[in-house]
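A short worksheet on the structure shown next.
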Amino acid sequence: MAKRPQQSLHRPNDPAMLLLTSLASGPKHGYALLKDVEEFAGVTLSPGTLYGAITRLEELGLIEPLESVERRRPYRITTSGLTALREVTREMGRLAKISATRLRLSGEFA
Amino acid sequence: MTRKREARTLLRWYPRTWRERYGDEFVAFVEDCSGEEPIARSLQRSIVLAGLRERCYVSGLIGSRSTLETQRRTGSLIVLVAWAMMVIGGASLAKSAEHFSNALPSVSRSPAQSAYDLVVVSALVGSALVVVGAGVAVPAFVRLLRTGGWTQVRRVFFDLALMVVLLALSTFGLSAWAHHLTSTQRNGGNLLYVVAFLIYALVVVLSVAAATRVAVVVATNLDLSTKVLRTEGYLALGVGSMTLAMVASTVLWWVQMAHQAPWFLQGTVVGVSVTPWSSSLLVTPSTPMLITSGIMLVATVCALLGASRVAVSFRRAK
(Lines give C-alpha, C1' and ligand atoms only; values in the text may rest on other atoms or scores of the structure.)
Protein backbone atom coordinates (compact mmCIF):
# COMPACT_ATOMS: atom_id res chain seq x y z
CA MET A 1 0.00 0.00 0.00
CA ALA A 2 1.39 3.45 -0.93
CA LYS A 3 2.28 5.78 1.95
CA ARG A 4 0.54 9.16 2.22
CA PRO A 5 2.98 12.04 1.58
CA GLN A 6 2.39 13.34 5.10
CA GLN A 7 3.68 10.07 6.53
CA SER A 8 7.09 10.86 5.01
CA LEU A 9 7.26 14.19 6.82
CA HIS A 10 7.02 13.03 10.38
CA ARG A 11 9.79 15.08 12.02
CA PRO A 12 10.26 18.88 12.07
CA ASN A 13 13.98 18.44 11.23
CA ASP A 14 13.25 15.99 8.42
CA PRO A 15 15.13 17.34 5.35
CA ALA A 16 12.00 16.99 3.22
CA MET A 17 9.99 19.00 5.74
CA LEU A 18 12.69 21.70 5.83
CA LEU A 19 12.71 21.94 2.03
CA LEU A 20 8.92 22.24 1.84
CA THR A 21 9.02 24.97 4.46
CA SER A 22 11.68 26.78 2.46
CA LEU A 23 9.80 26.44 -0.82
CA ALA A 24 6.60 27.73 0.80
CA SER A 25 8.08 31.23 0.43
CA GLY A 26 8.81 30.79 -3.30
CA PRO A 27 10.80 28.72 -5.84
CA LYS A 28 14.50 28.12 -5.15
CA HIS A 29 17.33 26.10 -6.67
CA GLY A 30 19.54 23.68 -4.69
CA TYR A 31 22.10 26.14 -3.32
CA ALA A 32 19.45 28.77 -2.42
CA LEU A 33 17.51 26.04 -0.60
CA LEU A 34 20.62 25.04 1.33
CA LYS A 35 21.28 28.62 2.42
CA ASP A 36 17.64 29.32 3.35
CA VAL A 37 17.40 26.15 5.47
CA GLU A 38 20.67 27.10 7.16
CA GLU A 39 19.25 30.52 7.96
CA PHE A 40 15.81 29.61 9.33
CA ALA A 41 16.55 26.20 10.90
CA GLY A 42 20.28 26.38 11.66
CA VAL A 43 20.72 23.05 9.85
CA THR A 44 23.36 22.54 7.15
CA LEU A 45 22.19 19.83 4.77
CA SER A 46 24.87 17.87 2.92
CA PRO A 47 24.53 17.70 -0.90
CA GLY A 48 23.59 14.02 -0.67
CA THR A 49 20.88 14.67 1.90
CA LEU A 50 19.53 17.72 0.07
CA TYR A 51 19.26 16.02 -3.29
CA GLY A 52 17.98 12.83 -1.66
CA ALA A 53 15.13 14.90 -0.22
CA ILE A 54 14.54 16.70 -3.53
CA THR A 55 14.33 13.32 -5.32
CA ARG A 56 11.89 11.96 -2.73
CA LEU A 57 9.67 15.08 -2.77
CA GLU A 58 9.57 15.15 -6.56
CA GLU A 59 8.64 11.45 -6.68
CA LEU A 60 5.84 12.14 -4.21
CA GLY A 61 4.63 15.04 -6.36
CA LEU A 62 5.09 17.54 -3.52
CA ILE A 63 7.52 19.73 -5.48
CA GLU A 64 8.10 20.26 -9.20
CA PRO A 65 11.07 21.49 -11.25
CA LEU A 66 11.02 24.72 -13.24
CA GLU A 67 13.17 25.68 -16.24
CA SER A 68 16.92 25.63 -15.53
CA VAL A 69 18.80 28.90 -15.35
CA GLU A 70 22.54 28.45 -16.06
CA ARG A 71 22.42 24.76 -15.08
CA ARG A 72 20.68 25.67 -11.79
CA ARG A 73 17.16 24.26 -11.68
CA PRO A 74 14.68 25.92 -9.32
CA TYR A 75 11.91 23.93 -7.65
CA ARG A 76 8.50 25.05 -6.49
CA ILE A 77 6.04 23.55 -4.07
CA THR A 78 2.94 21.95 -5.65
CA THR A 79 -0.66 22.16 -4.42
CA SER A 80 -0.25 18.68 -2.89
CA GLY A 81 2.96 19.88 -1.27
CA LEU A 82 1.17 22.85 0.28
CA THR A 83 -1.65 20.60 1.53
CA ALA A 84 0.86 18.18 3.05
CA LEU A 85 2.87 20.98 4.66
CA ARG A 86 -0.29 22.55 6.13
CA GLU A 87 -1.46 19.24 7.54
CA VAL A 88 1.91 18.40 9.09
CA THR A 89 2.32 21.93 10.45
CA ARG A 90 -1.13 21.72 12.08
CA GLU A 91 -0.25 18.36 13.60
CA MET A 92 3.06 19.72 14.91
CA GLY A 93 1.27 22.77 16.29
CA ARG A 94 -1.20 20.54 18.08
CA LEU A 95 1.62 18.48 19.61
CA ALA A 96 3.53 21.64 20.53
CA LYS A 97 0.44 22.96 22.33
CA ILE A 98 0.04 19.73 24.31
CA SER A 99 3.73 19.80 25.28
CA ALA A 100 3.50 23.49 26.24
CA THR A 101 0.45 22.84 28.43
CA ARG A 102 2.14 19.96 30.19
CA LEU A 103 5.30 22.00 30.67
CA ARG A 104 3.20 25.00 31.82
CA LEU A 105 4.55 27.14 28.96
CA SER A 106 1.08 28.15 27.83
CA GLY A 107 2.08 31.83 27.47
CA GLU A 108 4.63 31.05 24.76
CA PHE A 109 2.39 28.77 22.67
CA ALA A 110 -0.97 30.37 23.08
CA MET B 1 41.41 18.16 -11.85
CA THR B 2 38.90 21.03 -12.13
CA ARG B 3 36.03 21.25 -9.66
CA LYS B 4 33.54 20.55 -12.43
CA ARG B 5 35.36 17.43 -13.54
CA GLU B 6 35.80 16.37 -9.92
CA ALA B 7 32.06 16.79 -9.33
CA ARG B 8 31.30 14.82 -12.52
CA THR B 9 33.57 12.00 -11.29
CA LEU B 10 31.77 11.93 -7.94
CA LEU B 11 28.45 11.85 -9.76
CA ARG B 12 29.31 8.36 -11.03
CA TRP B 13 28.45 6.99 -7.59
CA TYR B 14 24.80 7.71 -8.40
CA PRO B 15 22.71 5.42 -10.64
CA ARG B 16 22.49 6.28 -14.34
CA THR B 17 18.82 7.29 -14.27
CA TRP B 18 19.49 9.69 -11.41
CA ARG B 19 22.51 11.19 -13.19
CA GLU B 20 20.43 11.78 -16.31
CA ARG B 21 17.75 13.57 -14.32
CA TYR B 22 19.76 15.56 -11.74
CA GLY B 23 23.38 15.36 -13.00
CA ASP B 24 23.86 18.86 -14.43
CA GLU B 25 22.19 20.77 -11.64
CA PHE B 26 23.90 18.63 -9.01
CA VAL B 27 27.32 19.44 -10.48
CA ALA B 28 26.42 23.15 -10.47
CA PHE B 29 25.23 22.80 -6.87
CA VAL B 30 28.48 21.14 -5.75
CA GLU B 31 30.43 23.92 -7.51
CA ASP B 32 28.35 26.53 -5.64
CA CYS B 33 28.96 24.75 -2.34
CA SER B 34 32.73 24.57 -2.86
CA GLY B 35 33.25 28.16 -4.03
CA GLU B 36 36.78 28.54 -5.34
CA GLU B 37 38.14 25.74 -3.14
CA PRO B 38 38.64 22.09 -4.18
CA ILE B 39 35.77 19.82 -3.13
CA ALA B 40 36.24 19.08 0.58
CA ARG B 41 36.82 15.50 1.74
CA SER B 42 33.70 15.58 3.91
CA LEU B 43 31.65 16.74 0.91
CA GLN B 44 33.12 13.98 -1.24
CA ARG B 45 32.32 11.38 1.42
CA SER B 46 28.77 12.66 1.72
CA ILE B 47 28.25 12.48 -2.06
CA VAL B 48 29.67 8.95 -2.27
CA LEU B 49 27.43 7.71 0.55
CA ALA B 50 24.37 9.45 -0.87
CA GLY B 51 25.10 7.97 -4.32
CA LEU B 52 25.37 4.47 -2.90
CA ARG B 53 22.19 4.99 -0.89
CA GLU B 54 20.39 6.15 -4.04
CA ARG B 55 21.61 3.04 -5.86
CA CYS B 56 20.20 0.89 -3.05
CA TYR B 57 16.86 2.72 -3.27
CA VAL B 58 16.64 2.46 -7.06
CA SER B 59 17.60 -1.23 -7.10
CA GLY B 60 14.94 -1.97 -4.49
CA LEU B 61 17.49 -3.09 -1.89
CA ILE B 62 16.21 -0.66 0.74
CA GLY B 63 13.18 1.54 1.34
CA SER B 64 9.82 1.47 -0.38
CA ARG B 65 10.48 3.95 -3.20
CA SER B 66 10.92 1.25 -5.86
CA THR B 67 8.06 -0.92 -7.09
CA LEU B 68 7.21 -4.19 -5.35
CA GLU B 69 8.33 -6.04 -8.50
CA THR B 70 11.76 -4.37 -8.33
CA GLN B 71 12.06 -5.19 -4.63
CA ARG B 72 11.09 -8.82 -5.30
CA ARG B 73 13.51 -9.14 -8.22
CA THR B 74 16.38 -7.63 -6.22
CA GLY B 75 15.61 -9.80 -3.18
CA SER B 76 15.57 -12.91 -5.35
CA LEU B 77 18.88 -11.99 -6.97
CA ILE B 78 20.49 -11.42 -3.57
CA VAL B 79 19.35 -14.90 -2.57
CA LEU B 80 20.87 -16.23 -5.80
CA VAL B 81 24.20 -14.54 -5.02
CA ALA B 82 24.00 -15.96 -1.48
CA TRP B 83 23.42 -19.40 -2.94
CA ALA B 84 26.47 -19.04 -5.20
CA MET B 85 28.52 -18.23 -2.09
CA MET B 86 26.96 -21.22 -0.36
CA VAL B 87 28.01 -23.44 -3.29
CA ILE B 88 31.60 -22.28 -2.75
CA GLY B 89 31.27 -22.74 1.03
CA GLY B 90 29.69 -26.16 0.50
CA ALA B 91 32.49 -27.24 -1.85
CA SER B 92 35.02 -26.02 0.69
CA LEU B 93 33.22 -27.97 3.42
CA ALA B 94 33.15 -31.10 1.26
CA LYS B 95 36.92 -30.83 0.75
CA SER B 96 37.63 -30.05 4.43
CA ALA B 97 35.35 -32.83 5.64
CA GLU B 98 36.80 -35.47 3.30
CA HIS B 99 36.93 -38.89 5.04
CA PHE B 100 35.57 -37.37 8.26
CA SER B 101 33.81 -40.61 9.19
CA ASN B 102 37.20 -42.37 9.44
CA ALA B 103 38.03 -40.00 12.29
CA LEU B 104 35.00 -41.14 14.29
CA PRO B 105 34.61 -44.26 16.40
CA SER B 106 32.45 -46.69 14.35
CA VAL B 107 29.78 -46.85 17.07
CA SER B 108 29.14 -43.09 17.04
CA ARG B 109 29.30 -42.18 13.34
CA SER B 110 25.58 -41.97 12.82
CA PRO B 111 24.72 -38.45 14.17
CA ALA B 112 27.60 -36.72 12.35
CA GLN B 113 26.89 -38.69 9.17
CA SER B 114 23.17 -37.78 9.37
CA ALA B 115 24.01 -34.08 9.83
CA TYR B 116 26.40 -34.20 6.88
CA ASP B 117 23.80 -35.99 4.74
CA LEU B 118 21.37 -33.21 5.63
CA VAL B 119 23.92 -30.65 4.33
CA VAL B 120 24.12 -32.57 1.05
CA VAL B 121 20.33 -32.94 0.71
CA SER B 122 19.79 -29.21 1.43
CA ALA B 123 22.44 -28.36 -1.17
CA LEU B 124 20.77 -30.59 -3.77
CA VAL B 125 17.27 -29.22 -3.08
CA GLY B 126 18.55 -25.62 -3.15
CA SER B 127 20.38 -26.23 -6.44
CA ALA B 128 17.25 -27.85 -7.92
CA LEU B 129 15.22 -24.75 -6.95
CA VAL B 130 17.83 -22.51 -8.63
CA VAL B 131 17.59 -24.60 -11.81
CA VAL B 132 13.76 -24.35 -11.72
CA GLY B 133 14.11 -20.57 -11.27
CA ALA B 134 16.35 -20.38 -14.33
CA GLY B 135 13.89 -22.55 -16.28
CA VAL B 136 10.96 -20.29 -15.40
CA ALA B 137 12.86 -17.31 -16.83
CA VAL B 138 13.79 -19.02 -20.11
CA PRO B 139 10.78 -17.72 -22.15
CA ALA B 140 11.59 -14.15 -21.07
CA PHE B 141 15.24 -14.72 -22.00
CA VAL B 142 14.21 -15.95 -25.48
CA ARG B 143 12.07 -12.80 -25.85
CA LEU B 144 15.07 -10.68 -24.83
CA LEU B 145 17.24 -12.32 -27.49
CA ARG B 146 14.56 -11.90 -30.17
CA THR B 147 14.27 -8.20 -29.44
CA GLY B 148 18.01 -7.61 -29.84
CA GLY B 149 18.91 -7.90 -26.15
CA TRP B 150 22.01 -10.03 -26.85
CA THR B 151 24.17 -6.90 -27.00
CA GLN B 152 23.20 -6.11 -23.38
CA VAL B 153 24.36 -9.48 -22.06
CA ARG B 154 27.00 -10.53 -24.63
CA ARG B 155 30.00 -9.41 -22.62
CA VAL B 156 29.18 -11.35 -19.45
CA PHE B 157 28.56 -14.50 -21.51
CA PHE B 158 31.98 -14.16 -23.13
CA ASP B 159 33.60 -13.74 -19.71
CA LEU B 160 31.81 -16.88 -18.50
CA ALA B 161 32.88 -18.84 -21.59
CA LEU B 162 36.48 -17.83 -20.91
CA MET B 163 36.22 -18.98 -17.30
CA VAL B 164 34.62 -22.30 -18.32
CA VAL B 165 37.49 -23.01 -20.75
CA LEU B 166 40.03 -22.09 -18.06
CA LEU B 167 38.23 -24.30 -15.53
CA ALA B 168 38.08 -27.26 -17.92
CA LEU B 169 41.79 -26.97 -18.74
CA SER B 170 42.84 -26.60 -15.10
CA THR B 171 40.59 -29.50 -14.01
CA PHE B 172 42.12 -31.71 -16.68
CA GLY B 173 45.68 -30.61 -15.85
CA LEU B 174 45.32 -30.99 -12.08
CA SER B 175 43.62 -34.40 -12.37
CA ALA B 176 46.36 -35.69 -14.67
CA TRP B 177 49.01 -34.47 -12.24
CA ALA B 178 47.20 -35.87 -9.18
CA HIS B 179 47.26 -39.37 -10.74
CA HIS B 180 51.05 -39.33 -10.57
CA LEU B 181 51.17 -38.34 -6.89
CA THR B 182 50.75 -40.35 -3.71
CA SER B 183 47.97 -39.58 -1.22
CA THR B 184 50.50 -37.91 1.12
CA GLN B 185 51.83 -35.71 -1.69
CA ARG B 186 48.30 -34.70 -2.67
CA ASN B 187 47.46 -33.76 0.92
CA GLY B 188 50.16 -31.25 1.63
CA GLY B 189 53.33 -33.29 0.95
CA ASN B 190 54.05 -31.57 -2.37
CA LEU B 191 54.20 -27.80 -2.00
CA LEU B 192 53.94 -27.17 -5.74
CA TYR B 193 50.76 -29.24 -5.91
CA VAL B 194 49.32 -27.33 -2.94
CA VAL B 195 49.94 -24.03 -4.76
CA ALA B 196 48.42 -25.43 -7.96
CA PHE B 197 45.39 -26.62 -6.01
CA LEU B 198 44.92 -23.18 -4.44
CA ILE B 199 45.05 -21.58 -7.89
CA TYR B 200 42.55 -24.17 -9.10
CA ALA B 201 40.27 -23.30 -6.15
CA LEU B 202 40.51 -19.64 -7.19
CA VAL B 203 39.53 -20.55 -10.77
CA VAL B 204 36.51 -22.46 -9.41
CA VAL B 205 35.47 -19.45 -7.31
CA LEU B 206 35.89 -17.09 -10.28
CA SER B 207 33.87 -19.43 -12.51
CA VAL B 208 31.00 -19.55 -10.01
CA ALA B 209 31.21 -15.75 -9.75
CA ALA B 210 31.13 -15.41 -13.56
CA ALA B 211 28.08 -17.70 -13.80
CA THR B 212 26.32 -15.75 -11.05
CA ARG B 213 27.15 -12.47 -12.82
CA VAL B 214 25.56 -13.80 -16.00
CA ALA B 215 22.42 -14.75 -14.06
CA VAL B 216 22.23 -11.33 -12.37
CA VAL B 217 22.85 -9.30 -15.55
CA VAL B 218 20.39 -11.37 -17.58
CA ALA B 219 17.73 -11.28 -14.86
CA THR B 220 18.12 -7.50 -14.54
CA ASN B 221 17.45 -7.06 -18.26
CA LEU B 222 14.53 -9.48 -18.49
CA ASP B 223 10.97 -8.29 -18.82
CA LEU B 224 9.35 -10.63 -16.30
CA SER B 225 5.59 -10.79 -15.79
CA THR B 226 4.11 -10.35 -12.31
CA LYS B 227 3.25 -14.05 -12.25
CA VAL B 228 6.80 -15.14 -13.13
CA LEU B 229 8.25 -12.71 -10.58
CA ARG B 230 5.93 -14.13 -7.92
CA THR B 231 7.14 -17.66 -8.76
CA GLU B 232 10.77 -16.49 -8.67
CA GLY B 233 10.06 -14.88 -5.30
CA TYR B 234 8.68 -18.13 -3.85
CA LEU B 235 11.63 -20.07 -5.27
CA ALA B 236 14.01 -17.51 -3.70
CA LEU B 237 12.34 -18.07 -0.33
CA GLY B 238 12.84 -21.81 -0.84
CA VAL B 239 16.52 -21.33 -1.71
CA GLY B 240 16.90 -19.04 1.32
CA SER B 241 15.41 -21.78 3.52
CA MET B 242 17.82 -24.32 2.06
CA THR B 243 20.71 -21.97 2.86
CA LEU B 244 19.56 -21.88 6.47
CA ALA B 245 19.10 -25.67 6.48
CA MET B 246 22.66 -26.09 5.17
CA VAL B 247 24.07 -23.85 7.86
CA ALA B 248 22.02 -25.50 10.62
CA SER B 249 23.09 -29.00 9.56
CA THR B 250 26.72 -27.86 9.22
CA VAL B 251 26.56 -26.59 12.80
CA LEU B 252 25.11 -29.94 13.89
CA TRP B 253 27.90 -31.76 12.07
CA TRP B 254 30.47 -29.44 13.62
CA VAL B 255 29.13 -30.06 17.11
CA GLN B 256 29.21 -33.81 16.57
CA MET B 257 32.78 -33.67 15.27
CA ALA B 258 33.82 -31.38 18.12
CA HIS B 259 32.43 -33.92 20.55
CA GLN B 260 33.73 -37.10 18.91
CA ALA B 261 36.88 -36.05 17.04
CA PRO B 262 37.95 -32.50 17.84
CA TRP B 263 41.41 -33.03 16.28
CA PHE B 264 39.70 -33.39 12.90
CA LEU B 265 38.37 -29.83 13.05
CA GLN B 266 41.69 -28.49 14.25
CA GLY B 267 43.64 -30.35 11.58
CA THR B 268 46.02 -31.81 14.20
CA VAL B 269 47.30 -35.36 14.65
CA VAL B 270 44.60 -37.96 15.32
CA GLY B 271 43.83 -38.32 18.98
CA VAL B 272 45.82 -35.20 19.96
CA SER B 273 43.49 -32.41 20.88
CA VAL B 274 41.89 -30.32 23.49
CA THR B 275 39.19 -31.71 25.70
CA PRO B 276 35.87 -32.24 23.88
CA TRP B 277 33.62 -29.17 24.16
CA SER B 278 36.64 -27.00 24.87
CA SER B 279 36.08 -23.37 23.98
CA SER B 280 39.34 -23.37 22.01
CA LEU B 281 37.55 -25.40 19.34
CA LEU B 282 35.52 -22.36 18.56
CA VAL B 283 38.52 -20.11 18.15
CA THR B 284 41.20 -22.38 16.71
CA PRO B 285 39.75 -24.48 13.90
CA SER B 286 42.03 -25.26 10.95
CA THR B 287 42.37 -22.57 8.25
CA PRO B 288 40.19 -24.38 5.66
CA MET B 289 37.47 -24.83 8.30
CA LEU B 290 37.73 -21.16 9.23
CA ILE B 291 37.40 -20.09 5.56
CA THR B 292 34.45 -22.44 5.07
CA SER B 293 32.67 -21.04 8.13
CA GLY B 294 33.33 -17.46 7.00
CA ILE B 295 31.92 -18.01 3.51
CA MET B 296 28.87 -19.80 4.87
CA LEU B 297 28.28 -17.05 7.40
CA VAL B 298 28.40 -14.28 4.78
CA ALA B 299 26.16 -16.35 2.49
CA THR B 300 23.64 -16.80 5.29
CA VAL B 301 23.51 -13.08 6.04
CA CYS B 302 22.99 -12.32 2.32
CA ALA B 303 20.32 -15.03 2.03
CA LEU B 304 18.46 -13.62 5.03
CA LEU B 305 18.67 -10.11 3.60
CA GLY B 306 17.39 -11.19 0.18
CA ALA B 307 14.69 -13.49 1.52
CA SER B 308 13.41 -10.81 3.91
CA ARG B 309 13.24 -8.35 0.99
CA VAL B 310 11.18 -10.86 -0.99
CA ALA B 311 8.96 -11.62 2.02
CA VAL B 312 8.37 -7.90 2.64
CA SER B 313 7.38 -7.42 -1.02
CA PHE B 314 4.79 -10.21 -0.65
CA ARG B 315 3.46 -8.68 2.58
CA ARG B 316 3.19 -5.19 1.05
CA ALA B 317 1.33 -6.62 -1.96
CA LYS B 318 -1.48 -7.90 0.31
Side-chain angles (χ1 to χ4, degrees), chain A residues 1-11 13-16 18-19 22-23 27-39 43-76 78 80-81 84, chain B residues 3-4 6-35 39-58 60 62-71 312-318:
Chain A
M1 195 172 65
K3 277 202 293 189
R4 289 169 69 221
Q6 289 83 335
Q7 286 176 280
S8 309
L9 309 168
H10 49 285
R11 297 190 321 267
N13 63 345
D14 183 290
L18 295 173
L19 294 198
S22 174
L23 292 175
K28 291 176 192 72
H29 58 70
Y31 191 65
L33 275 168
L34 182 86
K35 288 289 152 195
D36 188 41
V37 169
E38 250 176 23
E39 201 180 304
V43 175
T44 305
L45 298 173
S46 68
T49 308
L50 181 89
Y51 266 86
I54 288 177
T55 309
R56 189 152 62 101
L57 288 171
E58 200 185 340
E59 278 175 2
L60 290 167
L62 302 182
I63 63 171
E64 61 188 4
L66 300 172
E67 274 300 304
S68 289
V69 183
E70 292 175 0
R71 295 191 293 138
R72 284 150 189 85
R73 188 188 292 277
Y75 290 87
R76 79 170 159 217
T78 61
S80 314
Chain B
R3 265 180 309 124
K4 189 173 178 180
E6 211 178 341
R8 286 245 165 245
T9 308
L10 284 168
L11 196 61
R12 288 191 197 144
W13 289 94
Y14 279 87
R16 188 176 48 80
T17 47
W18 196 93
R19 290 199 302 264
E20 285 167 4
R21 167 64 188 84
Y22 296 100
D24 285 340
E25 61 178 279
F26 187 71
V27 169
F29 171 73
V30 173
E31 285 175 56
D32 287 342
C33 286
S34 304
I39 300 173
R41 290 255 173 208
S42 57
L43 203 62
Q44 291 183 17
R45 209 169 34 243
S46 152
I47 294 169
V48 169
L49 288 176
L52 291 175
R53 197 170 55 229
E54 193 62 33
R55 278 184 186 274
C56 290
Y57 274 123
V58 170
I62 57 170
S64 54
R65 271 170 50 191
S66 54
T67 62
L68 291 178
E69 280 77 15
T70 304
Q71 291 171 30
V312 166
S313 79
F314 279 125
R315 204 185 62 200
R316 283 183 183 153
K318 281 181 184 171

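Each chain gets a letter, A, B and so on, in the order its sequence line appears, and its residues count up from 1. Since the model is a prediction, treat every value here as computed from it, not as a measurement.
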Where does B:Gln44 contact chain A at under 4.5 Å (heavy atoms): side chain, backbone, both or neither?
-> neither
B:Tyr14, part contacting chain A, at a heavy-atom distance under 4.5 Å = side chain
As an exercise, state the distance from [atom1] of [X] to [atom2] of [Y], rounded to the nearest 0.5 Å.
| X | Y | atom1 | atom2 | result |
| --- | --- | --- | --- | --- |
| B:Glu54 | A:Arg56 | CD | CZ | 11.0 Å |
| A:Thr55 | B:Phe26 | OG1 | CZ | 9.0 Å |
| A:Tyr51 | B:Trp18 | OH | CH2 | 7.0 Å |

Atom CD of B:Glu20 with >12 non-hydrogen neighbours under 6.0 angstrom | yes
Test applied, salt bridge (Lys or Arg N to Asp or Glu O under 4.0 Å); reference residue, B:Asp32; option that passes from A:Arg72, A:Arg71, A:Lys35 = A:Arg72
In terms of side-chain heavy atoms, does A:Glu58 have a donor or acceptor partner in B:Tyr22 at a distance below 3.5 Å?
-> yes
Are side-chain heavy atoms of A:Ser68 and B:Asp24 found at a separation under 4.5 Å?
-> no
With a 4.5 Å limit on heavy-atom distance, are the side chains of A:Pro65 and B:Arg21 in contact?
-> yes
At their closest point, which heavy atom of B:Ser46 faces which heavy atom of A:Gly48, and how far apart are they?
-> OG-N, 3.7 Å
Taking every heavy atom of A:Tyr31 against every heavy atom of B:Phe29, the minimum-distance pair comes out as N-CD1, 3.4 Å
Under the side chain to side chain contact (heavy atoms under 4.5 Å, CB included) rule, what do B:Leu43 and A:Ser46 come out as? Steps first, then yes or no, please.
-> CA-CA 7 Å; B:Leu43 203 62; A:Ser46 68; 5.7 Å; no
If one checks every heavy atom of A:Leu50 against chain B at 4.5 Å, the contacting part turns out to be side chain
